[in-house]
Amino acid sequence: MASSLQIPAAISSSTSAFFGRLPSNNKNSRSWEVSLPGRKHGVCKCISSPSAEQTAYKTKVTRNANMAKLQAGYLFPEIARRRSAHMLKYPDVQVISLGIGDTTEPIPEVITSSMAMRAHFLSTVEGYSGYGAEQGDKKLRATIASTYYKDLGIEESDIFVSDGAKCDISRLQLLFGSEVKMAVQDPSYPAYVDSSVITGQTGLFQKDIEKYGDIEYMRCVPENDFFPDLSTISQADVIFFCSPNNPTGSAATREQLTHLVQFAKNNGSIIVYDSAYAMYISDDSPRTIFEIPGAKEVAIEISSFSKYAGFTGVRLGWTVVPKELLFADGFPVAKDFNRIVCTCFNGASNIAQAGGLACLSPEGLKAMTETINFYKENTDIIVDTFSSLGFNVYGGKNAPYVWVQFPGRSSWDVFAEILEKAHVVTTPGSGFGPGGEGFIRVSAFGHRANILEAAKRIKQLYK
């Protein structure tokens with residue numbers, strides 16, 4: 001017996017050939033009856049087309065083997081991913097983020113008004129400008145030198161204005177190349193290590209010790225006052241050193257930095273000194289490596305307006321490469337860095353640089369100091385919270401970060417516990433290196449109401 005099927009009019013020509021001749025003279029027809037031979041035990045097999053993965057076109061370009069060395073994702077996007085997943089799980093709960101060190105308070109109006117004025121000028125014939133100097137606006141460079149390096153022998157020509165310290169870290173890695181050996185504080189800001197891996201300076205990741213081969217990890221823990229035992233460093237061409245430190249919040253003393261500079265001189269090393277949090281220092285710790293005699297011969301300094309003026313989204317920083325700093329063959333490091341900058345960068349935004357000049361005006365410096373003091377008050381609340389619960393608490397005095405110890409526990413487990421039970425995001429210390437295991441970093445960047453609420457929740461969790 002033949003069976004009858006209703007076939008829709010919207011059918012492809014290739015399919016119509018399979019079903020046989022379909023009437024074409026009835027324009028209003030919506031379906032046709034098609035007779036097919038009846039088969040009691042017939043089976044119709046649907047064969048899927050090959051998956052996209054099987055048919056995807058591949059180039060013949062080999063992947064950069066150094067990228068394959070990297071472990072998982074970069075720390076802060078991974079934290080953001082977990083935060084987003086938590087918010088999906090608990091859509092009605094306010095999640096407070098004290099993890100990623102992103103500023104929260106508005107940029108002072110004395111600064112934004114200068115940026116707005118500069119932006120408006122760009123709409124006029126008289127005020128328009130295109131490309132600027134790759135090294136930055138000459139007036140801004142001179143003002144940075146006179147504000148942060150007065151009487152230290154640092155001149156306008158030594159300063160390169162950029163779109164932030166993090167970007168300059170990678171430009172410096174490009175400058176140094178793949179043949180140098182790197183040393184980093186452990187724990188330290190992840191960009192130092194990851195950029196070293198990408199550049200090809202390291203060996204493979206060693207899972208048993210949570211370290212990359214061919215990097216000197218300078219352990220910085222409470223037992224050594226967060227300053228490494230330099231006598232254990234076999235050889236390091238380039239030393240990344242951050243003070244006040246991210247994540248521990250510890251600021252190196254003058255004696256310690258004098259020791260570091262002498263170590264670099266004795267070993268022929270170059271220090272890359274990250275002073276992005278220098279304005280948070282409240283004691284007599286040096287605010288720049290160039291306060292130390294001899295540092296201009298062995299050090300580069302990177303810094304930023306991000307955590308001073310709330311420029312995390314505006315993007316403006318600078319790098320100091322003294323003319324006294326020379327490679328082994330006597331060639332000035334600054335000349336090569338200038339070549340890197342001119343090749344890889346078209347200069348910082350002229351609007352951002354107008355903001356930078358406003359930051360360094362008397363009114364701007366006052367406004368930045370007020371913002372910094374607000375975050376430092378947040379820091380005091382966080383320190384008091386964990387201290388009252390009996391935890392060992394470090395940092396906070398000279399930095400917007402509090403470093404809290406959870407002995408014998410996994411940093412990621414503590415991160416997950418606080419997120420799950422208190423709905424507060426922190427940063428697991430192990431994300432900054434093996435020396436951070438057993439700690440979490442808590443950021444003071446947050447609105448006051450959120451800081452107080454987070455403190456309340458943490459007290460309830462660990463009381």
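Judged purely by atom type and a 3.5 angstrom limit, Ser250 has no side-chain atom pairing as donor or acceptor with the backbone of Tyr394. Remark: side-chain polar atoms of Lys421 are not paired, donor with acceptor, to backbone N or O of Leu461 under 3.5 angstrom. Without hydrogens or angle criteria, Asn373 side chain to Thr369 main chain gives a donor-acceptor distance under 3.5 Å. A donor-acceptor distance shorter than 3.5 angstrom exists from the side chain of Arg441 to the backbone of Gly99, with no hydrogens or angles considered. Remark: side-chain polar atoms of Thr319 are not paired, donor with acceptor, to backbone N or O of Ile302 under 3.5 angstrom. Of the possible donor and acceptor atoms, one in the side chain of Ser269 sits under 3.5 Å from a partner among the backbone N and O of Ala236. Judged by distance alone, the side chain of Gln353 and the main-chain N or O of Ala348 form a donor-acceptor pair under 3.5 Å. Ser275 places no side-chain N or O within donor-acceptor distance of the main-chain N or O of Ala278, the cut-off being under 3.5 Å. His86 places a side-chain N or O within 3.5 Å of a backbone atom of Leu419 that can act as its donor or acceptor partner. A donor-acceptor contact shorter than 3.5 Å links the side chain of Thr199 to the backbone of Ser195.
Nearest heavy atom pair, residue Ser430 against residue Trp412, reads OG-CD1, 3.5 Å. Between Asn64 and Ile198, the closest heavy-atom pair is ND2-O, 4.1 Å. Considering all non-hydrogen atoms of both residues, Ser285 and Ala251 come closest at OG-CB, 3.9 Å. Nearest heavy atoms, Pro286 versus Ala252: CD-O, 3.5 Å. When all heavy atoms are compared, the tightest approach of Asn378 to Ala444 is ND2-O, 3.0 Å. The nearest pair of heavy atoms linking Ile281 to Arg287 is O-NH2, 2.9 Å.
For the ring-ring contact (aromatic ring centres under 6.0 Å, His included) with Tyr401, the lone residue among Tyr277, Phe432, Tyr189 that qualifies is Tyr277. The only member of Thr288, Ile159, Ile144 that meets side chain to side chain contact (heavy atoms under 4.5 Å, CB included) when paired with Ile154 is Ile159.
Ring planes of Tyr280 and Tyr308: tilted class, angle from 30 to 60°. Using cut-offs of 30° and 60° on the angle between ring planes, the pair Phe445 and Tyr375 is perpendicular. Ring orientation note: the planes of Tyr90 and His423 are nearly perpendicular, at an angle over 60° on the 30°/60° scale.
Using a 4.5 Å heavy-atom cutoff, the side chains of Pro332 and Leu325 are not in contact. Phe76 places a side-chain heavy atom less than 4.5 Å from the side chain of Pro190. When side chains are defined from C-beta on, Leu140 counts as touching Leu360, because their heavy atoms get closer than 4.5 Å. Side-chain contact between Phe227 and Phe241: present, with at least one pair of heavy atoms (C-beta onward) separated by less than 4.5 Å. Inter-residue side-chain proximity for Ile233 and Met218 is flagged as met; some heavy-atom pair is nearer than 4.5 Å. The shortest distance between side-chain heavy atoms of Val425 and Phe415 falls below 4.5 Å. Between Tyr217 and Gln185 the shortest side-chain heavy-atom distance does not fall below 4.5 Å. Residues Pro222 and Trp403 form no side-chain contact, since every pair of their non-hydrogen atoms from C-beta on lies 4.5 Å or further apart.
Taking CD of Glu216 as the start and CD1 of Ile239 as the end, the distance is 9.5 Å to the nearest 0.5 Å. Interatomic distance, OG of Ser162 versus CH2 of Trp318, reported as 9.5 Å (0.5 Å rounding). Here the straight-line distance linking atom CD1 of Ile107 with atom OG1 of Thr103 works out to 7.5 Å at 0.5 Å rounding. Leu326 contributes atom CG, which lies 8.5 Å from atom CD of Glu324 (distance to the nearest 0.5 angstrom). If you take CG on Asp194 and CG on Leu75, they are separated by 9.0 Å, rounding to the nearest 0.5 Å. Here the CG-CG distance, from Leu316 to Asp163, works out to 8.5 Å after rounding to the nearest 0.5 Å.
Residues Asp168 and Arg171 are paired through a salt bridge, judged by an N-O separation under 4.0 Å between the basic side chain and the carboxylate. Salt bridge absent: Arg409 and Glu437 never bring a charged side-chain N and a carboxylate O closer than 4.0 Å. Under the 4.0 Å criterion applied to side-chain N and carboxylate O atoms, Asp186 and Arg219 are assigned as salt-bridge partners. Using a 4.0 Å cut-off between charged side-chain N and carboxylate O, Arg82 and Glu78 make a salt bridge. Ion pairing between Lys323 and Asp158 holds under the 4.0 Å rule for side-chain N and carboxylate O. Electrostatic pairing of Lys139 and Glu156 does not count as a salt bridge here, judged by no charged N lying under 4.0 Å from a carboxylate O.
Within a 6.0 Å radius of CZ in Phe331, other residues, nucleotides and ligands contribute more than 12 heavy atoms. Heavy-atom contacts from other residues, nucleotides or ligands closer than 6.0 Å to CD of Glu109 number 12 or fewer. Heavy-atom contacts from other residues, nucleotides or ligands closer than 6.0 Å to CZ of Arg254 number more than 12. In Gln235, the CD atom is crowded: over 12 heavy atoms of neighbouring residues, nucleotides or ligands sit closer than 6.0 Å. The 12-atom threshold is exceeded at CD of Gln206, counting heavy atoms of other residues, nucleotides or ligands nearer than 6.0 Å.
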| task | Walk me through it: do Glu155 and Arg141 pass the test salt bridge (Lys or Arg N to Asp or Glu O under 4.0 Å)? | result | CA-CA 8 Å; Glu155 301 174 352; Arg141 296 166 74 194; over 6 Å; no

| message | If you apply the rule side-chain contact (heavy atoms from CB on, under 4.5 Å), what do you find for Tyr192 with Val272, and how did you get there? | response | CA-CA 10 Å; Tyr192 309 145; Val272 177; over 6 Å; no

| request: Carefully, step by step, assess Asn346 and Glu134 under the rule side-chain hydrogen bond (donor to acceptor under 3.5 Å, both in side chains). | output: CA-CA 5 Å; Asn346 275 331; Glu134 290 90 347; over 6 Å; no

| message | As a quick check of understanding, evaluate side-chain hydrogen bond (donor to acceptor under 3.5 Å, both in side chains) for Asn224 and Asp229, giving each step before the final call. | response | CA-CA 8 Å; Asn224 61 13; Asp229 180 359; over 6 Å; no

| task | Could you please spell out the steps behind the side-chain hydrogen bond (donor to acceptor under 3.5 Å, both in side chains) verdict for Glu301 and Tyr149? | result | CA-CA 11 Å; Glu301 183 163 298; Tyr149 306 101; 2.7 Å; yes

| query | Checking side-chain contact (heavy atoms from CB on, under 4.5 Å) for the pair Ile340/Thr343: CA distance, chi angles, key distance, verdict? | reply | CA-CA 5 Å; Ile340 294 289; Thr343 301; 5.9 Å; no

| task | Show your working on side-chain hydrogen bond (donor to acceptor under 3.5 Å, both in side chains) between Glu417 and Tyr462 and close with a plain yes or no. | result | CA-CA 11 Å; Glu417 177 178 78; Tyr462 292 114; 2.5 Å; yes

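Side-chain rings of Phe391 and Phe406 approach one another, their centers coming within less than 6.0 Å.
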